[in-house]
Asker: 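Okay, here's the structure, questions in a sec.
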Amino acid sequence: MREYLLGNVAIAKGILEAGAGVVSGYPGTPSSEIVDYLAPLAKELGIHVEWSVNEKVAMEVAIGASWTGARSAVTMKHVGLNVAADPFMTLAYLGVGGGFVACVADDPYCHSSQNEQDSRRYAQFARVPCLDPADPQEARDMTLRAFDLSEEFGVPVMLRPTTRVSHARADVEVGPPGERRAELSFDKDPARRVALPAHARPLHVELLDKQPGIEAALAGEAWNRAQMRSEVGVIASGIAGLYAEEAIAGMEADLSLLRIGTYPLPRKVVGDFLEKVDRVLVVEEMDPVVEEFVEMVAKERNPDVQILGKRSGDVPSVGELNPLTIGNAIAGMVGLRRREAPALAPEALSILPPRPPALCPGCGHRAAYHAMIKAFGKDAIFPNDIGCYTMGVGMGTVDTCLCMGASITVGAGIRFGGEERPICAVLGDSTFLHAGLPGLLNAAYNGARMTVAILDNSITAMTGHQPHPGSGATAAGDPSPPLSLEEICRSLGAGFVETADPYDLEATISTFERARDHPGLSVVVARRPCVISAIRAGVRRPRLAVDSEKCGGCQVCVRFGCPAIEFDGKVARINALCTGCGVCAAICPAGAVEVVR
Amino acid sequence: MRTSECDVVVVGVGGQGVILISEIIGRAALREGLSVRGVETHGMAQRGGSVINHIRVGCRYSAMISPGGADVLLAMEPAEALRYAHYLSPEGVALVNTRPVLPVTVTTGEASYPAVEEILAPLRRVASRVRAIDATALAAEAGSPQATNVVMLGALARHLPMEEATLLEALTETVPAKYIEINRKAFELGKIEVE
């Protein structure tokens, strides 16, 4: 059956076709749509699909399932694998039961990420196979192959799409969901399931011994294919292979092309190609993984070959590649004219207003930040975290952003480092449950004098509104009792825990003030459901309007930064984006904002 | 040598229904047995930010259109049309909804929004043809301003290598049943507008 599918949905369908019984993940752009697609189908198909509380947990759940003989998959974004690196590295030693696929989506250009880390390095590090799809069809095909490969060699397999594969759409050939295995059980086998030193040592040897077999099994795959047309060639991996193929097709030059899709890299395939060329350009997203390998193989097979790529400066080392960049790198190599990338119209820079992503109209985070500044003052230190709320950077309440959960820990470190000013660390509910708990425990235990603000919108908003243990339902839609963030914080040792509704600005300010004055570790839970979820759930609040007679044009409301408030040069105006939160009415010194009845 | 039959860059603001356009075109292409590629903006950038989608009909390569390569720039918003004008090929056509959506930098007074004519003038220098359409007004006429994206799809229809009937089938299959009439009317108004 042929369907027009998002790359991530093609992967999800591949997981179903492979007959997986358990799929877990933690949301993260560009990986989220895999579990998003599968979760609503879970009950009907009789499989277990979950949003786990973090990537380490997700991976361990999938590992447990694999050890019963079920096929299982785990999904995450690249930086999620940093969190899950601990189980990932040792799983490579212990091995899998049922086929195990870790789908780790990379994000060149940091479209929605804090770095440009290349997960192929992790696959090499753990010595597990990695499949690098170029498009949604390959993503689906590789998913199926990954499960087989995992079982053939007893190792976890990484599937590594990039943003332009995960969020690409294409006509994709897919099949129906596959048969799941029945009568699964965990078989006790300490030598393969207990990573004691005595077991780990031989398992390490075994893992290394598997490598040539894995390489040989993958070398002949169609994803590694050479087209010999001349002594000048291009070696390209993943999506860069598709860019190179298109660039060459549109060019008046005969060029050989080797496309690579599997790791460990096929040494013989690369060597055979290198023997037949005298100049080669290596193109790949992110790190020079293939390029370094090509240099190594060239020493044995063709030391005279000229190798161009990232190290020679012919291919960019940062950001995202595209067909034009690759076309120009190839043109440069063969002496053809480069095609200038058309420049932005000068007016686009001079007259166009920037349009950065922003907190939504009516977002409770904006109100919470406003209250926070009022209570703590602009001079206070605001360590921040990963989520929608990082977009508040323009409000002066985002001083640091490192990784999930680091707001609390970095804040404690800033205090212990000698900072005397007030510290208010900020993170969201999902992030708190992901990696904030140990940080809060640590801060309480070690006596960090600071405030932690949990901006609780009761959902994982940024990545597309995935539920978590505070939301009241599981990914598959089963109800689960929403846990109390307040009780958790008290249990972890916070001496002061209070809750405020950011829409009630005055109360929120005074709650923050009490938290600020608490002599130890204090927590404020600023709770207001995400405005997008609320609107989807049918919540409608009366809109607000400015009485232009009363408005003095002070722009206090305008500086609040809500997209629903405009300034016409003399007075403020509230536009159709207003969701009726009413916070602007509370901050207007002239009392000019009123509810429209 | 061309590597795609028709390359369209669709731009707008998060929430304007840019992804729906890709969905409809993709399904229509599939119905006609054409290979089709697209790529979308998800995640952080969506939150009121500027979004760009690429759609390539009759293409077997990647979904990415290079700057200078688009046959059509379909803009749901005038400022976004200019922001991505460099994607147009010199022979390319720009279809632009003239109704601005003010970014937060404008509402807060940090930046100002130019007059629409100031946006269209430089666009006319890079595009072979610019069609300015008050798609939001036409959508309201069809029954809902939410159908602005479908008015623009109607305007785009003649540039796509598929039958109009196929596009309408794909539209019907994609939008919720209760909005089909509004959307069909919106499509028709967009189509007539550029005839």
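Here is the naming used below: chain letters follow the sequence lines, and residue numbers restart at 1 for every chain.
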Asker: Just wondering, are more than 12 heavy atoms of other shown residues or ligands nearer than 6.0 Å to CD in B/Glu163?
Answerer: no
Asker: For chain A, find which of B/Ala111, B/Gly69, B/Ser66 contributes the most heavy-atom pairs closer than 4.5 angstrom.
Answerer: B/Ser66
Asker: Between the side chain of B/Thr105 and the main-chain N/O of A/Pro354, is any donor-acceptor distance below 3.5 Å?
Answerer: yes
Asker: Can you tell me which portion of B/Leu30 sits under 4.5 Å from chain A's heavy atoms? Options are side chain, backbone, both or neither.
Answerer: side chain
Asker: Heavy-atom pairs under 4.5 Å with chain B - which of A/Ser166, A/Pro346, A/Pro563, A/Ser32 has more of them than the others?
Answerer: A/Pro563
Asker: Give, as side chain, backbone, both or neither, the part of B/Val36 having an atom under 4.5 angstrom from any heavy atom of chain A.
Answerer: both
Asker: Highest number of heavy-atom pairs under 4.5 Å with chain B: which of A/Pro323, A/Gly250, A/Cys562?
Answerer: A/Pro323
Asker: When rounded to the nearest 0.5 angstrom, what is the spacing between OH in A/Tyr4 and CZ in B/Arg31?
Answerer: 14.5 Å
Asker: Select, from A/Ala341, A/Pro356, A/Pro30, A/Gly241, the one with the greatest count of heavy-atom pairs under 4.5 Å involving chain B.
Answerer: A/Pro356
Asker: Given heavy-atom pairs under 4.5 angstrom as the criterion, report whether the side chain, backbone, both or neither of B/Ala85 touches chain A.
Answerer: neither
Asker: Measuring from B/Ile19:CD1 to A/His167:NE2, what's the distance to the nearest 0.5 Å?
Answerer: 8.5 Å
Asker: Need one label for A/Glu138: side chain, backbone, both or neither, based on atoms under 4.5 Å from any heavy atom in chain B.
Answerer: neither
Asker: Quick one: which of A/Ile239, A/Leu6, A/Asn322 has the most heavy-atom pairs under 4.5 Å with chain B, could you say?
Answerer: A/Leu6
Asker: So, do A/Arg559 and B/Thr108 sit near enough that their side-chain heavy atoms are less than 4.5 Å apart?
Answerer: no
Asker: Examine distances only and state if a side-chain atom of A/Asp171 and a backbone atom of B/Ser35 form a donor-acceptor pair shorter than 3.5 Å.
Answerer: no
Asker: Less than 4.0 Å between a side-chain N and a carboxylate O, is that true for A/Arg169 and B/Glu23?
Answerer: yes
Asker: Which atoms of A/Ala249 are under 4.5 Å from chain B, going by heavy atoms: the side chain, the backbone, both sets, or neither?
Answerer: both
Asker: What I want to find out is whether A/Glu347 reaches B/Arg125 closely enough, with some N-O distance under 4.0 Å, to be called a salt bridge.
Answerer: yes
Asker: Given heavy-atom pairs under 4.5 angstrom as the criterion, report whether the side chain, backbone, both or neither of A/Arg573 touches chain B.
Answerer: neither
Asker: Do the non-hydrogen side-chain atoms of A/Pro342 and B/Tyr87 ever get within less than 4.5 Å of each other?
Answerer: no
Asker: Is it true that, when you exclude B/Arg60 itself, more than 12 heavy atoms of the residues, nucleotides or ligands shown sit nearer than 6.0 Å to its CZ?
Answerer: no
Asker: With a 4.5 angstrom heavy-atom cut-off, which part of B/Glu110 approaches chain A: side chain, backbone, both or neither?
Answerer: neither
Asker: Any idea which of A/Asp135, A/Asn575, A/Ile351 has the most non-hydrogen atom pairs under 4.5 angstrom with chain B?
Answerer: A/Ile351
Asker: May I ask you to list the residues in residues 88-104 of chain B that approach chain A closer than 4.5 angstrom, counting heavy atoms only, ordered by number?
Answerer: B/Val101, B/Leu102, B/Pro103, B/Val104
Asker: Which bit of B/Ser4 comes within less than 4.5 Å of chain A, counting heavy atoms only: side chain, backbone, both or neither?
Answerer: neither
Asker: Side-chain contact, heavy-atom cut-off 4.5 Å: A/Glu246 with B/Ser62?
Answerer: yes
Asker: For chain B, which of A/Leu577, A/Thr163, A/Leu352, A/Leu324 has the most heavy-atom pairs under 4.5 Å?
Answerer: A/Leu352
Asker: Just by modelled atom types, is the A/Glu566 backbone N or O under 3.5 Å from a matching donor or acceptor in the B/Thr107 side chain?
Answerer: no
Asker: What pair of heavy atoms forms the shortest contact from A/Arg355 to B/Tyr113, and how long is it?
Answerer: NH2-CE1, 4.4 Å
Asker: So for atom CD, which belongs to A/Glu3, do other residues, nucleotides or ligands contribute more than 12 heavy atoms lying within a distance under 6.0 Å?
Answerer: yes
Asker: Considering only heavy atoms from C-beta outward, does the side chain of A/His111 approach that of B/His42 to under 4.5 Å?
Answerer: no
Asker: For A/Leu349, is it the side chain, the backbone, both, or neither that has a heavy atom closer than 4.5 Å to a heavy atom of chain B?
Answerer: neither
Asker: Among the options B/Ala63, B/Gly109, B/Pro67, B/Gly68, pick out the one with the most heavy-atom pairs lying under 4.5 Å from chain A.
Answerer: B/Pro67
